A.B. asks: 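For reference, the structure I am asking about is given below.
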Amino acid sequence: MKEQTRTRCRGSESDALLRAYHDEEWGVPEFDSRALWELLMLEGFQAGLAWITVLRKRDTFRKAFRNFDPKKVARFGEADIARLMKNPGIIRARAKIEATISGARIYLEMQNAGIDFSTWVWEMAGGRPIQNEGPGQAESPLSATISEELKRRGFKFVGPVIVYAWMQAAGIMNDHASDCFRRKFCASAKHRG
């Protein structure tokens with residue numbers, strides 16, 4: 001199908017990077033625990049900003065946060081925070097940087113307790129992508145529940161709206177428009193667990 005004839009979700013056409021993200025990543029069910037955690041941390045950095053800002057900085061974020069390896073990020077200390085605060089290639093918000101470091105430690109605590117992050121999240125969602133048929137929304141009862149559980153474990157920047165955006169990006173919630181060429185593909189993906 002030719003690029004110009006594809007129908008996409010509204011808002012995904014404004015920028016070539018955003019369009020590529022929509023066409024290749026957004027809404028594709030993600031089952032890898034580390035990748036889900038990375039995406040959650042990036043959604044936290046996006047809070048109050050446009051997602052395109054994070055996309056433009058994502059490669060630098062990955063380099064600065066050691067490819068979002070939780071074991072490496074969990075060891076970050078004050079010198080790392082200072083280094084990150086000087087990095088113009090990322091969003092330099094100390095609270096968000098500290099939340100990511102803390103989030104890595106929580107992720108590892110869960111792992112050490114035998115809790116697989118992906119399994120934990122997907123079980124709350126019923127084990128497969130939820131097909132949203134209604135108008136776009138900013139949050140849902142499930143995003144509120146997951147938010148509450150993440151906060152209970154100590155995660156920060158995980159309010160219901162951020163969690164809903166994460167659920168959309170990670171394919172937990174299929175919010176591709178009914179006429180979007182990606183909806184059917186994302187709907188057909190099944191949990192591998």
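Note that the structure is predicted; figures quoted are calculated from it, not measured. Just so you know, residue 1 is the first one in the sequence shown, and it goes up from there.
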A.B. asks: Salt bridge check, E78 against R94: does any charged N sit closer than 4.0 Å to a carboxylate O?
C.D. replies: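 Salt bridge present between R94 and E78.
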A.B. asks: Can any side-chain N or O of Q131 pair as donor or acceptor with the backbone N or O of P129 at less than 3.5 Å?
C.D. replies: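 Yes.
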A.B. asks: Taking H176's backbone N and O only, do any of them form a donor-acceptor pair with H22's side chain (distance below 3.5 Å, no angle check)?
C.D. replies: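 No, H22 side chain to H176 backbone: no donor-acceptor pair under 3.5 Å.
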A.B. asks: Within the 4.5 Å heavy-atom criterion, are R153 and V158 side-chain neighbours or not?
C.D. replies: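 R153 vs V158: side chains apart.
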A.B. asks: Looking just at side-chain N and O atoms, do Y21 and D15 make a donor-acceptor pair shorter than 3.5 Å?
C.D. replies: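 On atom types as modelled, these side chains do not qualify, holding no pair under 3.5 Å.
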A.B. asks: Can you find a pair of side-chain heavy atoms, one from W51 and one from W26, that are under 4.5 Å apart?
C.D. replies: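 No. Closest side-chain heavy atoms not under 4.5 Å.
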A.B. asks: Treating R34 as the side-chain partner and P70 as the backbone partner, does any N or O pair qualify as donor plus acceptor under 3.5 Å?
C.D. replies: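 Side chain of R34 to backbone of P70, a donor-acceptor pair under 3.5 Å: no, none is there.
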A.B. asks: CD/Q46 to NZ/K57 distance, rounded to the nearest 0.5 angstrom?
C.D. replies: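 With rounding to 0.5 Å, CD (Q46) is 13.5 Å from NZ (K57).
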A.B. asks: Could you tell me whether the side chain of W166 and the main chain of I172 form a donor-acceptor pair under 3.5 Å?
C.D. replies: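 Judged by distance alone, no pair lies under 3.5 Å.
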A.B. asks: Which atom names give the shortest non-hydrogen contact between S33 and D116, and what distance separates them?
C.D. replies: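 Scanning both residues completely, I find the closest heavy atoms to be OG-OD1, 2.9 Å.
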A.B. asks: If we ignore hydrogens and angles and just use 3.5 Å, is the side chain of R83 paired with the main-chain N or O of A64 as donor and acceptor?
C.D. replies: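 Yes, R83 side chain to A64 backbone: donor-acceptor pair under 3.5 Å.
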A.B. asks: For N67 and D69, indicate whether the former's side chain and the latter's backbone hold a donor-acceptor pair under 3.5 Å.
C.D. replies: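 No: the side chain of N67 does not pair with the backbone of D69.
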A.B. asks: So, R152 and E149, do they make that salt bridge, N to O below 4.0 Å?
C.D. replies: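 Salt bridge: yes.
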A.B. asks: I want to check something: taking the side chain as every heavy atom from C-beta on, are V73 and T100 in contact at a cut-off of under 4.5 Å?
C.D. replies: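 Counting from C-beta outward, V73 and T100 do come under 4.5 Å.
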A.B. asks: Checking the side chain of K156 only, and the main-chain atoms of S102 only, is there a donor and an acceptor separated by less than 3.5 Å?
C.D. replies: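 Side chain of K156 to backbone of S102, a donor-acceptor pair under 3.5 Å: no, none is there.
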A.B. asks: To the nearest 0.5 Å, what is the distance between CG on D179 and SG on C9?
C.D. replies: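 With rounding to 0.5 Å, CG (D179) is 8.0 Å from SG (C9).
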A.B. asks: Using a 3.5 Å distance criterion without hydrogens, assess whether the side chain of T7 forms a donor-acceptor pair with backbone atoms of F181.
C.D. replies: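 No.
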A.B. asks: Kindly say whether N132 contributes a backbone atom to a donor-acceptor pair with the side chain of D175 at under 3.5 angstrom?
C.D. replies: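 Absent.
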A.B. asks: Ring-plane angle category for F31 and W122, please: parallel below 30°, perpendicular beyond 60°, tilted otherwise.
C.D. replies: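 Answer is tilted, since the angle falls between 30° and 60°.
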A.B. asks: Which atoms form the tightest heavy-atom contact between I162 and A47, and what is the distance?
C.D. replies: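 In terms of heavy atoms, the two residues are closest at CD1-CB, 3.6 Å.
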A.B. asks: Rounded at 0.5 Å granularity, tell me how far CD in E38 sits from CZ in R62.
C.D. replies: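 Answer rounded to 0.5 Å: 4.5 Å.
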A.B. asks: Would a 4.5 Å heavy-atom cut-off, applied to side chains only, mark L40 and F117 as touching?
C.D. replies: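 They are in side-chain contact.
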A.B. asks: How are the rings of F68 and F61 set relative to one another: parallel (under 30°), tilted (30 to 60°) or perpendicular (over 60°)?
C.D. replies: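 Tilted.
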A.B. asks: Can you name the closest pair of heavy atoms from A74 and A104 and give their distance?
C.D. replies: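 For A74 and A104, the tightest heavy-atom pair comes out as N-CB, 3.6 Å.
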